[in-house]
Structures are given as C-alpha cells and as structure tokens.
Amino acid sequence: MLGSLDCMHWAWQGCHVYWAGQYKGHYSKPTIILEAASYDCWIWHPLFGLSGSQNDINVLQKLPLFEDLKHGICPQVHFMINAHQCTHGYYLADGIYPKWSTLVQCYRQPPAGALRRSYRHFNNAQMSARKDVERAFGILKRKFAIIYGPYRGLSPREMDKTMLTYIVLHNMIIQETRRGSK
C-alpha cells in the first residue's frame with residue numbers, strides 16, 4: 001500500500017461574490033479542496049486550490065500523482081496476494097472513486113455464503129487503514145485551528161500558501177513525534 005487518498009473541503013468565508021459560484025459545490029458555502037495522499041498520518045502528496053464545485057472524481061483527474069501511471073511508470077514494489085506476485089503499488093480509496101487498478105476500495109455487497117466473513121474482514125481492515133488520511137486531516141485541523149474554521153482571507157493564493165505551510169509544519173511535527181518515540 002502506497003497510501004490512502006481522500007479530499008477535504010475548507011470553507012472560505014472571505015470569498016468574493018463574483019467567485020462564489022465556482023467555489024460552491026455540494027456545500028452551501030464556498031470551499032477550496034485539499035486532495036491528499038497520506039501514509040501513517042504523513043501528508044506526502046497534497047493538491048490544494050481547486051474550486052469547491054469539484055468532487056473527488058474531478059479532482060482525481062487533475063491529480064499529478066497519477067500522471068506517470070498513464071505512461072506506465074510507477075513505483076516498483078513486490079508482494080504476494082493469494083499466491084499471485086504483484087509488482088505495482090496501490091492506494092486505498094472510498095467508494096466514490098473510479099474502479100482503477102491502482103485504487104483499492106471496499107466490497108459494496110459481500111457475497112452470501114462461505115466467503116462473506118472473509119469479505120467482511122477485508123472491508124474492516126481496508127476501512128481501518130483508509131482512515132489514515134482522515135486522521136491526518138483531523139490532526140491538521142486540531143493542531144492549526146485556523147483550518148478547522150472558515151478561512152477569512154480574500155485571496156485563493158493566500159489560502160494556498162497558508163494550507164501548504166500548515167502541511168509542512170504538520171509533517172515536521174509527525175516526524176519529530178516519530179523520532180521521540182524511538
């Protein structure tokens with residue numbers, strides 16, 4: 001597993017009226033989206049600044065994380081699943097994402113019978129591991145209260161710089177916490 005993938009919306013209270021339409025999606029207020037890949041609460045691939053009218057699928061299409069994959073370039077890993085040798089990594093995602101070979105999602109309806117328990121076990125393990133990115137978003141919001149509430153600034157560029165600064169600080173805190181626990 002290379003990481004977990006998810007989106008977070010940050011409300012933008014200071015959004016100008018003439019921008020508000022493009023930053024409103026399924027939320028009633030304007031938001032800007034942070035799409036991130038995380039592993040062990042380390043946010044290692046953030047994409048921030050897309051308008052709130054986007055959804056997870058639209059954001060995924062713009063994510064540079066998968067650009068190399070389109071050309072057959074991917075991190076080489078080696079692991080076995082059911083006696084089958086796998087050489088490509090994967091990301092955990094929720095059910096809204098498309099069915100790509102590099103995205104692993106829960107089974108929507110486990111089959112009846114003998115396999116039901118193993119499918120349920122897989123779903124529980126997958127959901128537990130996928131919560132990593134949501135946990136990283138929660139830590140980010142808890143450590144930096146400005147992200148928890150709506151942003152009051154006037155510029156998307158200021159908002160972008162603020163978010164990326166907090167992500168760097170968040171990763172530094174995670175790194176120091178790991179060093180301290182060794």
Side-chain angles (χ1 to χ4, degrees), residues 1-13 23-66 69 75 77 79 89-110 119-151 156 159-181:
M1 178 184 82
L2 299 174
S4 300
L5 195 62
D6 206 0
C7 281
M8 177 187 92
H9 290 258
W10 190 14
W12 186 11
Q13 187 173 348
Y23 286 94
K24 282 186 186 176
H26 57 279
Y27 292 96
S28 60
K29 296 184 179 189
T31 63
I32 293 188
I33 298 172
L34 167 65
E35 171 91 33
S38 174
Y39 182 77
D40 198 19
C41 290
W42 178 274
I43 298 175
W44 61 271
H45 201 283
L47 174 65
F48 183 75
L50 297 172
S51 64
S53 62
Q54 311 273 340
N55 61 26
D56 292 19
I57 299 167
N58 301 72
V59 173
L60 184 66
Q61 302 296 331
K62 295 173 175 68
L63 196 63
L65 182 63
F66 296 110
L69 195 61
V77 294
F79 59 97
Y90 61 91
Y91 299 88
L92 299 178
D94 57 13
I96 193 170
Y97 288 95
K99 303 287 185 222
W100 289 0
S101 62
T102 193
L103 298 177
V104 175
Q105 302 155 341
C106 288
Y107 292 105
R108 290 186 190 254
Q109 296 197 354
Y119 277 58
R120 193 175 305 151
H121 175 71
F122 172 82
N123 281 352
N124 289 338
Q126 196 268 6
M127 284 189 292
S128 174
R130 198 187 71 71
K131 295 292 181 192
D132 176 64
V133 69
E134 292 174 13
R135 195 167 42 251
F137 289 154
I139 293 169
L140 194 65
K141 288 178 181 180
R142 192 177 69 242
K143 294 271 186 206
F144 308 105
I146 191 172
I147 298 171
Y148 187 73
Y151 181 72
M159 199 173 183
D160 179 55
K161 287 180 180 180
T162 302
M163 178 59 80
L164 293 179
T165 300
Y166 289 136
I167 289 171
V168 168
L169 291 171
H170 163 81
N171 285 343
M172 290 171 68
I173 291 168
I174 295 293
Q175 184 176 2
E176 284 301 311
T177 304
R178 287 181 189 161
R179 282 186 189 154
S181 65

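Only heavy atoms go into these numbers, but all of them, side chains included; no hydrogens, no water, no symmetry mates. Please read all numbers here as calculations on a predicted model, not as lab measurements.
Residue L5 comes nearest to R130 through the heavy atom pair O-NH1, 4.3 Å, listed as atom of the first residue, atom of the second, then distance. For the pair I174 and D40, the tightest heavy-atom approach, listed with the atom from each and the gap, is CG2-O, 4.2 Å. The two atoms that bring P98 and L103 nearest to each other are O-CD1, 3.8 Å, heavy atoms only. Minimum interatomic distance between C7 and Y97 (heavy atoms only, all atoms of both residues): N-OH, 4.0 Å.
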For K143 and L169: C-alpha separation, side-chain torsions, deciding distance, then whether side chain to side chain contact (heavy atoms under 4.5 Å, CB included) applies. CA-CA 10 Å; K143 294 271 186 206; L169 291 171; over 6 Å; no

Given T31 and W10, is the side chain to side chain contact (heavy atoms under 4.5 Å, CB included) satisfied, shown in steps? CA-CA 5 Å; T31 63; W10 190 14; 5.9 Å; no

Trace of the side chain to side chain contact (heavy atoms under 4.5 Å, CB included) decision for I32 with D160: CA-CA 9 Å; I32 293 188; D160 179 55; over 6 Å; no

Apply ring pair (Phe, Tyr, Trp, His ring centres under 6.0 Å) to residues Y39 and W44 and explain how you reach the verdict. CA-CA 8 Å; Y39 182 77; W44 61 271; 8.8 Å; no

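Here CE of M127 is found 10.0 Å from CZ of F122. Values are rounded to the nearest 0.5 Å. Distance check, rounded to the nearest 0.5 Å: NZ of K29 to NZ of K24 gives 10.0 Å. S38 contributes atom OG, which lies 8.0 Å from atom CG of N171 (distance to the nearest 0.5 angstrom). One distance of note links NE2 of H170 with CZ of R142; it measures 10.0 Å at 0.5 Å rounding. Residue D6 holds its CG atom at 9.5 Å from CD1 of I96, rounded to the nearest 0.5 Å. Taking CH2 of W42 as the start and CD1 of I167 as the end, the distance is 11.5 Å to the nearest 0.5 Å.
Counting only heavy atoms from C-beta outward, the side chains of I147 and T162 never approach each other to under 4.5 Å. Side-chain contact between F79 and Y90 is present, with at least one heavy-atom pair separated by less than 4.5 Å. Two residues are said to be in side-chain contact when any heavy atoms from C-beta on lie closer than 4.5 Å; M8 and K141 meet this criterion. Between F48 and M159, the closest side-chain pair of non-hydrogen atoms falls below 4.5 Å. Residues V133 and I43 form no side-chain contact, since every pair of their non-hydrogen atoms from C-beta on lies 4.5 Å or further apart. Q105 places none of its side-chain heavy atoms less than 4.5 Å from the side chain of D94.
Between the side chain of Q126 and the backbone N or O of V104 there is at least one donor-acceptor pair closer than 3.5 Å. Judged by distance alone, the side chain of H9 and the main-chain N or O of P30 form no donor-acceptor pair under 3.5 Å. No donor-acceptor pair closer than 3.5 Å links the side chain of S128 to the backbone N or O of N124. Between the side chain of N123 and the main chain of Y107, a donor-acceptor pair closer than 3.5 Å is present.
In summary, of the residues considered (F144, F137, Y151), a ring-ring contact (aromatic ring centres under 6.0 Å, His included) with Y166 occurs for F144 alone.
If you check the side chains of S4 and D132, you find no donor sitting under 3.5 Å from an acceptor.
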